[in-house]
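Single-structure report; data block below.
Numbers restart at 1 for each chain; the letters A, B, ... are given by sequence-line order, proteins then strands.
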2 protein chains.
Amino acid sequence: MPGRVRDAAATQAELLAAARRRFGTDGYERTTIRAVAGDVGVDAALVIRYFGSKQGLFTRAADLDLGIPDLTGVRAGDLSKVLVDRFFAVWEDDDTFLALLRAAATSEVAAEAMRDVFAGQVGPALAAVTDDRAPERAALVGATVLGFALARYVLRLPPLVDMTRDQAQAWLGPTLRHYLLD
Amino acid sequence: MPGRVRDAAATQAELLAAARRRFGTDGYERTTIRAVAGDVGVDAALVIRYFGSKQGLFTRAADLDLGIPDLTGVRAGDLSKVLVDRFFAVWEDDDTFLALLRAAATSEVAAEAMRDVFAGQVGPALAAVTDDRAPERAALVGATVLGFALARYVLRLPPLVDMTRDQAQAWLGPTLRHYLLD
DNA sequence: GTTCCAAGTCATCAGTCGATGACCCAGGAG
DNA sequence: CTCCTGGGTCATCGACTGATGACTTGGAAC
């Protein structure tokens with residue numbers, strides 16, 4: 001683009017969006033700073049200037065808010081529906097979580113970021129609705145959700161790719177209820 | 001080792017074992033041929049000579065047999081126990097499956113290898129015990145198992161790392177039964 | 001003991017990557 | 001119009017990677 005607007009904030013936002021896309025499809029190692037910069041039409045050195053390093057870029061790009069609502073007062077029967085809805089919103093709206101998952105498979109810092117997400121967001125959210133053993137239950141819910149996402153979005157197992165949200169809801173609902181309430 | 005035995009078959013086996021270890025801990029991209037060769041005490045060029053390329057080394061290293069027994073005649077109540085036992089045998093005995101999982105997160109060929117495992121081993125094994133919708137059920141079982149493995153061995157979520165086999169059995173059992181029989 | 005093939009090594013290439021630091025220039029302030 | 005700050009570029013470095021091909025050497029066969 002010859003007519004690039006010289007706006008640092010906007011450029012940074014574009015870079016982060018491009019980074020999420022790249023990290024989400026290629027993973028951490030195969031994503032290059034040059035490629036991310038190229039997607040935005042900018043020099044690679046600028047990325048380093050803004051984010052310090054590739055690791056810094058990733059950290060910023062993988063900053064994640066699951067947006068789990070307050071579950072206090074949600075009826076037990078509706079819990080899994082709320083969670084599955086959140087699941088699809090988080091996984092299909094943008095590539096942030098996908099980037100984090102792909103990277104976490106091979107990068108310890110990404111794995112730690114993932115652990116922080118569960119400890120800081122999933123755990124507390126579920127603590128409002130389960131009695132004891134909240135961390136254990138949160139981890140099991142996390143494993144379920146990550147497994148489904150891995151199989152559907154990363155491995156692309158055909159039966160799961162073809163599954164509608166309602167079907168997924170029907171299958172995952174009892175499982176989540178089991179982990180939350182039994 | 002100055003006194004290396006000049007035995008191609010043995011060296012190849014050592015290289016494959018080292019490759020599985022490296023791929024399993026570092027993932028595909030961060031594993032270098034030099035490192036694998038170094039682990040065995042051999043020159044990197046030899047790896048190329050034997051396996052053609054890094055991709056060829058991985059393909060050979062990730063060749064996997066889940067060893068799922070014939071489930072015909074296994075009582076419904078025992079199914080999940082058999083499967084969870086197999087799970088731990090496969091995941092904790094060697095690093096092959098871990099290598100495949102880590103690699104599948106960022107490599108399309110590894111993802112395809114994983115799909116082949118499910119289509120060729122998990123699906124058929126479960127078809128012997130479920131009526132219809134065997135592929136869908138197999139995929140859900142796979143998602144469950146992979147999610148648990150991802151959370152326990154890759155992300156190392158503390159509650160799952162600390163979980164004993166019996167506890168895992170107690171949690172996963174009803175879930176697998178749900179996917180197989182409901 | 002000589003031969004000879006396969007096991008293993010060595011030097012090296014071509015490419016790519018993250019990162020650095022000097023530089024250029026658009027555009028608002030005065 | 002001029003100045004000058006900061007957004008953006010350019011050239012380049014050093015390290016590392018997968019891969020190649022010519023080379024050396026161990027050891028069984030005879």
A:E29 and A:R102 ion-paired at < 4.0 Å: no
With a 4.0 Å cut-off, would you call A:D78 and A:R75 a salt bridge? yes
Heavy atom of residues 99-111 of chain A under 4.0 Å from DNA chain C: which residues? none
Could you tell me how the ring of A:Y28 sits relative to the ring of A:F23: parallel (under 30°), tilted (30 to 60°) or perpendicular (over 60°)? parallel
Quick one: do the A:Y179 and B:T175 side chains pair a donor with an acceptor below 3.5 Å? yes
Crowding at CZ, A:R60 (>12 non-hydrogen neighbours, <6.0 Å): no
Cut-off 3.5 Å, side chains only: do A:D166 and A:T164 have a donor facing an acceptor? no
What is the ring orientation for B:W91 with B:F97, classed by angle as parallel under 30°, tilted 30 to 60°, or perpendicular over 60°? parallel
Within a reach of under 6.0 Å around CZ of A:R156, are more than 12 heavy atoms found that belong to other residues, nucleotides or ligands? no
Produce a footprint string for nucleotides 8-21 of chain C: one letter per nucleotide, 5' end first; B if the base is under 4.0 Å from any protein heavy atom, S if only the sugar-phosphate is, - if neither. BBB------BBBBB
Could you give the angle between the helix axes at the two ends of the helix from C:dG1-D:dC30 to C:dG30-D:dC1, with five pairs per end, rounded to 10 degrees? 10°
Sub-6.0 Å ring centroid separation between A:F51 and A:F58: no
Between A:R152 and A:E92, is the closest basic N to carboxylate O distance under 4.0 Å? yes
